Protein chains: 2
Amino acid sequence: MIFADFLRNRRREQLSASDLAALEDSVWDVQKTRARQLIAHARQPIRMSTYLMEGFICRYMDDRNGLRQLVAVHVPGDFVDLHGYPLGRLDHDVATLGACKIALVPHERLDRLLVERPNLTKLLWFSTLLDAAMHREWIFRLGRLDAVARVAHFFCEIEAKLRAVGLSDGQHFAFPLTQADLGEACGMTSVHINRMLRELRERNLMQVQRNRVTISDLSALRRLSDYDPSYLFIEG
Amino acid sequence: MIFADFLRNRRREQLSASDLAALEDSVWDVQKTRARQLIAHARQPIRMSTYLMEGFICRYMDDRNGLRQLVAVHVPGDFVDLHGYPLGRLDHDVATLGACKIALVPHERLDRLLVERPNLTKLLWFSTLLDAAMHREWIFRLGRLDAVARVAHFFCEIEAKLRAVGLSDGQHFAFPLTQADLGEACGMTSVHINRMLRELRERNLMQVQRNRVTISDLSALRRLSDYDPSYLFIEG
DNA sequence: CGCTGTCTTGAGGACGGTCAATGTTCGTGG
DNA sequence: CCACGAACATTGACCGTCCTCAAGACAGCG
């Protein structure tokens, strides 16, 4: 089962057995990729979309000087660049963070689903709009929060997303991002990320060590960063 | 014709006469609204979406202290909260900036279009993903640009969007946002917005006066802010 | 004509960036 | 099993951008 985690704890009950089977059938290939590998280029037309089964993927834009701004971080269960289907090309790059397992879905097969399966189409549409909701939360984070809160807010989101697919117990989870990556996500330098992580550690809220995050006080972390996960549409 | 500007200069040629007629038929009411009026509430279920015919609308989120962060500014031709259809509820508020003319489309009617008109559905989906692309550009703006460039970048986007629907000639356009609004869009204080506008004026790039923007050197403005409008998918 | 919201400007300070040095971890190959 | 190098993490000193606070000017509107 490739799409086992797709919309898990979201609206999966709206996915009929037959729609799910059609979705599974639309997969062209399942692949493993190494860490730090580019999997889709900005501006080029794309003919397939990538569904993430294992690992972490990010999307980012470059400025003139080659400095990156991450615009999304994806976890298993995410249909990473499904928006490339209606758009036809991407406005950003997509790359793996750690090693990943991905499924590739050709757009011609999505065309069939669009015509034959309105219910599934609406769920696929929904899933691309979840990404848009996350984008909005990132805008809020960058526009209104100070440095500590930005970092805390970022981890709150990752934790909530991972928990929805069973990869966090609320206290621990695997996490392949470096401090430089965090800087590119939060709009700050890796040096300052380091200081903010120290602050969060010293306040006994959370810590990061060797690709692993430990959260000791999730509710304090959420309070600190004004975090409300309702935009993720996770049930229960 | 209500949807005269919808996807104008984007993919409107893909909109068949019959699809367009069906879209027009799905409108329940056309209304005029005053300036600074809330038209959709965060968190509440919504049963209609708003298409903007005239005026400016913004979407925003509040932090704990009631400080706003704008996440989008809409111009005529935008289907402002169409994403509320697959989502079922919004994660943010929607309000008019100046006086507006809007068309309301009940979601039950969109359900019919979804089942009967896959081609139209794909275009509607596309239009919600344009908004997501703009969100990404806003993330980039807030994360990677300094204050002058942020303001310049914002105006470059507004100008490009207005030009696509014939409301800017590349040099002049109507603009109802106050400096406080600009601050809420660009993640800075209105005081600093004021200083940056002065800088742009003194460098002979652009100026704002009485709800009107004059751009004297658009290409310099774009260079300054690393602006590339390709994410808007405007043709020609 | 006065009220209110918006704009403008200044002075001082805090937050986060820059630059640079050092420490740590981990994979690779001898 | 250890030696080495590369990538990543950590810390300090200094500095610039942008925020805060505050006062005053201006414009639109009753």
Side-chain angles (χ1 to χ4, degrees), chain A residues 34-37 56 58 63 65-69 95-99 141-155 174-202 206-214 224-225, chain B residues 34-37 56 63 65 67-69 95 97-99 141-154 174-202 206-214 224-225:
Chain A
R34 283 173 296 113
R36 310 280 156 179
Q37 193 173 350
F56 286 68
C58 68
D63 70 3
N65 310 316
L67 291 176
R68 285 179 178 193
Q69 174 64 47
T96 60
L97 287 163
R141 178 192 303 152
L142 293 172
R144 280 289 161 266
L145 301 181
D146 64 11
V148 221
R150 285 220 281 271
V151 177
H153 191 278
F154 177 85
F155 281 105
F175 184 75
L177 299 232
T178 65
Q179 294 184 3
D181 297 327
L182 284 169
E184 292 170 347
C186 296
M188 33 198 285
T189 60
S190 61
V191 173
H192 207 58
I193 289 284
N194 185 282
R195 293 193 253 256
M196 297 303 100
L197 287 177
R198 177 175 51 179
E199 170 146 359
L200 291 173
R201 192 182 336 121
E202 284 170 354
M206 59 161 291
Q207 64 190 109
V208 187
Q209 54 211 148
R210 282 192 258 98
N211 294 344
R212 233 185 134 58
V213 170
T214 305
L224 170 66
S225 59
Chain B
R34 283 172 296 111
R36 310 279 157 179
Q37 193 172 350
F56 285 68
D63 72 4
N65 309 316
L67 290 176
R68 285 181 178 190
Q69 174 64 46
L97 288 162
R141 176 193 301 152
L142 293 171
R144 281 289 162 265
L145 300 181
D146 65 11
V148 219
R150 285 220 281 271
V151 177
H153 190 280
F154 178 84
F175 184 76
L177 300 234
T178 66
Q179 295 184 3
D181 296 328
L182 284 170
E184 290 169 349
C186 296
M188 34 198 284
T189 60
S190 61
V191 173
H192 208 57
I193 289 283
N194 184 282
R195 292 193 248 258
M196 297 302 101
L197 286 178
R198 177 175 52 178
E199 170 146 2
L200 292 173
R201 191 183 335 119
E202 285 170 354
M206 60 161 290
Q207 65 191 105
V208 187
Q209 54 210 146
R210 281 192 259 96
N211 292 345
R212 232 185 134 58
V213 171
T214 305
L224 169 67
S225 59

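Given the structure is predicted, the values throughout are model-derived calculations rather than measurements. All values below were derived from every heavy atom in this structure, side-chain atoms included, with hydrogens, water molecules and symmetry-related copies excluded.
Comparing Val208(B) and Val148(A) against DNA chain C, the residue whose closest nucleotide sits nearer the 5' end is Val208(B).
Taking atom CG on Leu197(B) and atom P on dT9(C), their separation rounds to 11 Å, with Å as the unit. For the pair Leu177(A) CG and dC8(D) P, the interatomic distance rounds to 12 Å; values are reported in whole Å. In this structure, NE2 of His192(B) is placed 18 Å from P of dG13(C), rounded to the nearest angstrom. Residue Met196(B) contributes atom CE, which lies 13 Å from atom C1' of dT8(C) at whole-angstrom precision. Regarding Gln209(B), its CD atom lies at a distance of 10 Å from the P atom of dT8(C), rounded to whole Å. One can place CG of Asp146(A) at 11 Å from C1' of dA14(C), the figure rounded to the nearest angstrom. Following rounding to the nearest Å, Met188(B) (CE) and dA14(C) (C1') show an atom-to-atom distance of 17 Å. Straight-line distance from the CD atom of Glu199(A) to the P atom of dC15(C): 10 Å, rounded to whole Å.
Side-chain N or O atoms of Asp181(A) include one that pairs as donor or acceptor with a backbone N or O of Thr178(A) at under 3.5 Å. Distance alone, capped at 3.5 Å, is enough to place a donor-acceptor pair between the Gln69(A) side chain and the Glu184(A) backbone.
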(message) Set out, in order, the CA-CA distance, both residues' side-chain angles and the distance that settles side chain to side chain contact (heavy atoms under 4.5 Å, CB included) for Leu182(A) and Val208(A), then state yes or no.
(response) CA-CA 12 Å; Leu182(A) 284 169; Val208(A) 187; 5.6 Å; no

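Listed pair Asn194(B) / dT8(C) meets the phosphate criterion, a side-chain N or O lying under 4.0 Å from OP1 or OP2. Taking side-chain N and O atoms only, Arg198(B) has no distance below 4.0 Å to OP1 or OP2 of dT8(C). Distances shown here put a side-chain N or O of Thr189(A) below 4.0 Å from the OP1 or OP2 atom of dG17(C).
Between Phe56(A) and Phe175(A), the ring planes lie perpendicular to each other; the angle is over 60°, past the 30° to 60° tilted range.
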(request) Starting at the 5' end of nucleotides 21-30 of chain D, put B wherever the base has a protein heavy atom under 4.0 Å, S where only the sugar-phosphate does, and a dash everywhere else. (result) B------S--

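Under the side chain to side chain contact (heavy atoms under 4.5 Å, CB included) rule, Met206(B) has a single partner from Thr214(B), Val151(B), Val213(B), which is Val213(B).
Interatomic distance, CD of Gln179(B) versus CZ of Arg195(B), reported as 11.0 Å (0.5 Å rounding).
Distance from the side chain of Gln179(A) is smallest to dT10(D) among dG16(C), dC7(C), dT10(D).
Among all heavy-atom pairs drawn from Arg150(A) and Arg141(A), the shortest one is CD-O, 3.2 Å.
Counting any heavy atom pair closer than 4.0 Å across all strands shown, Gly183(A) reaches no nucleic acid atom.
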